[in-house]
Structures are given as structure tokens and as C-alpha cells.
Amino acid sequence: MTIRTRFAPSPTGYLHIGGVRTALFCWLFARSHGGQFILRIDDTDHQRNVESAIEPILRGLRWLGIDWDEGPEVGGVYAPYYQSQRSDKYQTAVNELLRRKCAYRDYARAEEIQAEREAAVKEKRTFTYSRRWMAETDADISRFEGEGRRCVIRLKMPREGELLIDDLIRGKVIFNWADEQDHVIQRADGSFIYHLANVVDDEDYKISHVIRAEEHLSNTPRQIFIIQSLGYNLPAYAHLPFVAEPGSKTKLSKRKLDKYLKNKDFAKLVEHGKSIASRIGLNTDDENFNPVIVDFYEKVGYLPEAIINYIVLVGWALDDRTEFFLMDDLVKNFSLEGVTKGAASFDPAKLLVFEEKHFLMRTTAEKARLCIPFLEAAKIFPCEYGDIIGEVIEAAGDRIKVSGDILNFSDFFVDDDLLEYDKVIYEKRVTSQPEAINLLSEFYDLLSQQEQFDVQSLENLMQKFVDGKSIKVSDIIHALRVVVTGKGVGIGMFETMSILGKKRTLKRLKRIVGTVHGSVGDRF
RNA sequence: GGCCCCGUCGUCUAGUGGUUAGGACACGGCCCUUUCAAGGCCGCGGCACGGGUUCGAGUCCCGUCGGGGUCACCA
């Protein structure tokens, strides 16, 4: 049997991180068995703007390396892959269900059904529709229509017996048919409900394994009823636990950002993302600028393989020690048996660890290629010092974990006369230190006579300088850092000067100690 | 509330009757240190509870408790 799985997103306009996990597991299962992965758009209830609402989803999946064999933009033998374009198939199925008396026309008004439901709740019993407005004969139909009623089509569910589902992840799950409702499958306006469309599509597309989130487990019986009624092939089911909120078991939701921000690690993730996004002119107030949505990571410069590596481990494990995976490793090793049953919460801190590991694996040239777009977006590139980017990246080492982090080192690329200073740090390290300017001034003179500008020579020079004055390196180096880089933190000071070179280092120093041996200038 | 699912360190997990319950992240301490990272070493920390079954239970059974999902003319 050919393994065929599918991921069926609704056109919501964004790709949820939990959706990614589901899609990834479906994709991995198909790929690891030499099968096919199908993408289908569940747009039965959305009429407008479908194209713009699925674009972010398709782009997100592609960015992550999750490609589809059949579906939007690639077509396939069972096209179309949009539910909105398959109404004729659904109508045929509904007619057949009606013919086989597995479904019926129901003329109840919404309030009438509601009244029955409320009565059941009041009497504390399971609600079971009386089928009072069920029409199975032409006489019934004309009578109800004579009363001005309109009908929906409902499933005529069994009212006794059990259903056993053998789920690949949960094992055997038993449902009582009597607990199930006569669900609507076609609305009064003629449109179709998800459950019906879903089953018809899975049959038509020859889906062998339905791998989806756990929230669908409860509505599997009604789908199996349709499958059995129509004589379709029963797919294998695998219900995945969902991705939960940080530190909780509740399903992760895009709309609860405010709540998640109370989590320290989550807040840090957002903060970090915002600091990058704001520098490249992105609107960080956009509701989709949110770590629950995949777009966030792409915008800030995360590596897709890091997201994949992290998210696959939320609810799946190979063994007791292997954590680092590339896509190929996953295709080789993935199996549904490794999927865990409990909901697993999203851990922003651990995600960042995977990002770091994957980023550090890249060569300097690759990192540069990833970082440059951010410098361009921040209008720092193109610039005349562009060729030192490789040196900066190497010196920065793991201080750059995400491509956008290169912006923390933009001071290397700005014009020496336009360097901006962190006022607070400047005050602390220079203005409020009486000796600072004099020391820097003397060091400036030494530097200007220095030929060798490599790290070791500069370090030796500094050592000699402080030894001669009976002070410590730390008594001057902080002031030196602010003056040369504008910041209080950064890569090693001698590396910094070495990368900038003698000319630029002196130029920057001179802005502050320009009035040699003089007082603090009113530079800003 | 009915039905269904789930329950190992704070978090992600390994564990398929006999383990000093393992790893990773986070956290704490020490070392290193010109800042920030990183790195090295050490440490804290868990089988939800109660009954069974068994020579022996995190692992099997029952119950309790806790968490979650679902009960739409949403998907």
C-alpha cells in the first residue's frame, strides 16, 4: 500500500506553530515510507480572499522545507485541492447518504433544536435529537415546507452499539454510538460541513493515514460513520497530542500573547525579536508578529532547520540522548512509535538553544549571506566597510545566534564620524571618570605610533601601558570600548580594534580626545 | 455536566516488571575573564495519590485526584 498523508489547513492567513508540527509529522511519515504528502485547503466556510489567506501558509511550509507532492500551486491527479471547488463531489456523497437512509432532511428550526438540547441539559442526560422534524418521505417534505421551514441534512447516527478506533498513537479507543449526535453535513444554504468534505476528500485522494491533532479524536466517530455508510476505505488514524502553552497543558493559541508574555522566556523571545524587527522597519505591533506564528522566526532571521529540530522534539523522541537532527536524519529516523501521548508545552528557551546550535554549524560565508539582508534592511548596507563582515561574524562567534543579531554589530559598518554613543554607558565609563579622557588621550598617542594592529600586539601594548601607570586594564578598557564602539558590550576589545584597523580606531578615538590632553568635549 | 484523551525533575523527554530512575534545556554555585556571550567543573530537582496483582511496580489492574479536548448550519 502506498502511504499517503495530508495536511489540511484552513485559510486563516497565518501558519500556527502547532500546525507546523502536525504538517511536519505527516510529511515525515510520508517521506520516511516513500509515500506522498498532500496539501489540501479546507475552505468550505471561507468565501473571500482565500488566495491571500493561504499564501502565508504555503510560504511558511516551503521555508521550513516541507514540500507537498500534490496540492495548491503544484496540482496533482486528484485536483482540485481546494474544498471550495469540490462541491459536486460532496453533493454526490450527500445524495448517496440520503439514498441509503444514513442521512436525512431535517426541518427543525434552530430554536427548536436548542430547546431540546436545553431540556436534556436540565434533566442531566445526554442530548439525543427527537428527530421530530426529520423528513424521510415526500409527504413529510411538503408538509414541513408548507410550514415555511427550510432543511439541513443530518447524519442518521446509530443509537446503539460501540465503535472501536485503533489509533496508532492512542491505542484502542471506544465510543458509544448513542453518545453521538445527528450532525449536520449540509447547511440550509447548500454548503457542506467539514466532516463530510473531509471524509470525501480523504477517500478521493486515497489518504492512507490520517495524522492530525488530538482535538479531532472526539469527532472521529461521525467521520467513520460516513466512511462506513458510503463503503469507503477506512484510513489508519494517528491523533497527535497538541503543542501547549509555555508551562501549561492548554493548547497554544495565537490570541493569548498577553498571557504568554508573563512567562519570562517567552517575553525574552518576543523582546529579542522586536529589537531586530524594529531596526529593519517591521511593524512589531502586527498581530502576526508572534512566536506562535512561524512568520515571526523567518522575519527575525531564525534558521528553518532550527525550528524543525525544536518542534519535532515537542512530542517525539528517538531515544534517550539524540537531540540534534537535520531533516535527512529525521526522514531516516522518524516513526509514529516515538510520538508521545501527553500534550507538550512550547519552551522558548530551548528553541533558542537549537537555533544557536544550527547557526553555529554554518560557515562564515553562509552566515554572512544570511546576515547581509538584515544589514540592508536596516539601511546599513551597502557601505564602504562591507568586506569586514566575515571578520566581524567570526569575532562575534556565538554572540550571533539569529541572523538578525548582526544588527548588534552595526557599529563596525557605520561611518566613523557618525558613530552614535550609548549615553548611559558613556556617562558611566567616561564622563563620570575623571581620569578617563586623559588615559584615553595617552593611549591614543601610543596607538598612533603602533605599527602592528593585530590582537596580540594590541594586547601587549595595553599591558605595557597599564603596567607603566600602575593601573589595571579594566581601568581604561571600558572607556575605550564606549568611545570606539559606542556601546558597553561587544566582542573582545582588541579584536574590535584589530578589525576596525588603525585608521578607523584612531579616527573614532580622536572624536572624543580630539582636544588632546584637554577637557571633555561637548560631542553630544 | 456527558463522552473521550492524558499524567516521570520547572520544561522537553528515555524508560515496554528487577535501573543508584538516564539525557537535554532552564536554574544555583565555583573557575576563567576587558564587557557581553561562550567554555570547564560541581550541584539542585521527578515517577500525582490510594488500593490491589507479584518474590519484586514508574512500568500491569481498579479507584481517586489533577490537567486537557470535544459536545456548532467552525475547521
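A, B, ... follow the sequence lines: proteins, then strands. Residue 1 opens every chain.
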B:G66 pairs with which nucleotide, Watson-Crick or G-U wobble, both distances below 3.5 Å?
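Partner of B:G66: B:C6.
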Opposite nucleotide pairing with B:C47, Watson-Crick or G-U, both atom distances under 3.5 Å:
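Its partner is none (no Watson-Crick or G-U wobble pair with both distances under 3.5 Å).
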Respond yes when some side-chain nitrogen or oxygen of [X] is under 4.0 Å from OP1 or OP2 of [N], and no when none is.
| X | N | value |
| --- | --- | --- |
| A:K350 | B:C12 | no |
| A:S248 | B:G68 | no |
| A:T340 | B:U13 | yes |
| A:S191 | B:C73 | no |
| A:K249 | B:C12 | yes |
| A:T250 | B:G68 | yes |
| A:R481 | B:C36 | no |

Stacked pair A:H216-B:A75, distance under 5.5 Å, angle under 30°
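So A:H216 counts as stacking on the base.
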Taking the six-membered ring for Trp, are A:F25 and A:W316 closer than 6.0 Å centroid to centroid?
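Centroid separation for A:F25 and A:W316: 6.0 Å or greater.
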May I ask you to check whether A:F359 and A:Y302 place their ring centres under 6.0 Å from each other?
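No, the ring centres sit 6.0 Å or more apart.
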